[in-house]
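All remarks here apply to the structure that follows.
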Amino acid sequence: MSEQQPNPYASGPGQGGQPGMPGAPGQGDYKWGPGEASYGYPQPYPATPPYQPTMGAGIPAPVPSPMSGAGVSIGDITVAGDQIITPSGNMPLKGAVWNATDFSRTEEKIPTHAIILAVIFFLFCLLGLLFLLMKEKKTTGYIQVSVTSGGRHHSTMIPAQDQNTYPWVMSQLNFARSLSL
């Protein structure tokens, strides 16, 4: 007679057992569904720190209290107390989103009187060419500032007077952002 092979599905000791049975080795600790995060599964996101404005080199900017009476005015948008006052209505200051877009441009050209002086003095001496080094800068355009808060949105245009207008608007905007925290 032939020797019989052991039944792999028998529940005897050391011979395995039915899958999912408590006596089966390595099968009792399995649980259906998402378990703890591990390799290949998305990890839970850590709490993100709130936005902290800086003055440069990582030095945090001082954050004034919204109730301190400090206000800022950017075009027709005014921050007073804990509200943003616009022509389209008042908005809450807390959680406001501020944006600025620079639609200005600065052109540099040689003025007409410098070209005339260069031609005149070129005839007398070669130093007239130094007049061509004169440059004139002219800034045109505007800066768009928009604020969104409490389900409302308002946008305003600020004309660019010179090339320092955009940095000035951004400093006002960063102050308003610090109040919105």
Side-chain angles (χ1 to χ4, degrees), residues 42-181:
Q43 304 294 321
Y45 289 109
T48 57
Y51 170 75
Q52 178 66 33
T54 59
M55 295 182 353
I59 301 170
V63 179
S65 170
M67 299 301 169
S68 66
V72 65
S73 181
I74 306 169
D76 59 1
I77 302 171
T78 304
V79 176
D82 62 346
Q83 287 189 341
I84 302 170
I85 302 167
T86 65
S88 60
N90 293 351
M91 302 180 212
L93 179 61
K94 185 78 172 166
V97 178
W98 299 84
N99 291 315
T101 308
D102 188 8
F103 291 111
S104 66
R105 69 174 194 216
T106 302
E107 296 174 342
E108 186 175 307
K109 66 175 191 169
I110 300 172
T112 308
H113 64 274
I115 296 173
I116 293 171
L117 289 173
V119 170
I120 291 173
F121 282 99
F122 178 72
L123 299 175
F124 297 112
C125 61
L126 294 177
L127 293 177
L129 295 177
L130 292 176
F131 285 107
L132 295 177
L133 296 176
M134 294 173 57
K135 302 288 184 188
E136 180 180 80
K137 291 184 179 182
K138 183 178 179 184
T139 302
T140 58
Y142 55 90
I143 292 119
Q144 179 183 18
V145 176
S146 62
V147 61
T148 304
S149 180
R152 291 187 170 199
H153 177 80
H154 182 73
S155 182
T156 185
M157 305 291 188
I158 299 169
Q161 303 295 326
D162 58 9
Q163 59 190 7
N164 297 324
T165 304
Y166 185 68
W168 175 81
V169 168
M170 286 306 295
S171 69
Q172 296 290 331
L173 198 70
N174 286 332
F175 181 70
R177 284 178 180 158
S178 69
L179 292 175
S180 297
L181 294 177

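Note that the structure is a prediction, hence the values are computed from the model and not measured.
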Any idea which heavy atoms bring [X] and [Y] closest together, and the distance?
| X | Y | answer |
| --- | --- | --- |
| A176 | V72 | CB-CG1, 4.0 Å |
| W98 | S180 | NE1-OG, 2.9 Å |
| H153 | S155 | NE2-CB, 4.2 Å |
| N99 | L173 | C-CD2, 4.0 Å |

For R105, salt bridge (charged side-chain N to carboxylate O under 4.0 Å, His left out) partners two or more places apart: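 So R105 forms a salt bridge (charged side-chain N to carboxylate O under 4.0 Å, His left out) with E107.
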Tell me every residue that passes side chain to side chain donor-acceptor pair (under 3.5 Å) with [X], counting only those two or more places apart in sequence or in another chain.
| X | result |
| --- | --- |
| S146 | none |
| T106 | T139 |
| T78 | none |
| S149 | none |

Can you tell me if CZ on F103 sees more than 12 non-hydrogen neighbours from other groups inside 6.0 Å?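 More than 12 heavy atoms, drawn from other residues, nucleotides or ligands, come within 6.0 Å of this atom.
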For residues 85-94, which side-chain donor-acceptor pairs fall under 3.5 Å, sequence neighbours excluded?
residue, atom, partner, partner atom, Å
T86, OG1, S88, N, 3.4
T86, OG1, S88, OG, 3.2
T86, OG1, G89, N, 3.4
T86, OG1, G89, O, 2.6
S88, OG, H154, ND1, 3.4
N90, ND2, Q83, OE1, 3.3
K94, NZ, L181, O, 3.0

Can you confirm whether [X] sits close enough to [Y] that some side-chain heavy atom of one is under 4.5 Å from a side-chain heavy atom of the other?
| X | Y | value |
| --- | --- | --- |
| M134 | H113 | yes |
| Q172 | V169 | no |
| K135 | I110 | yes |

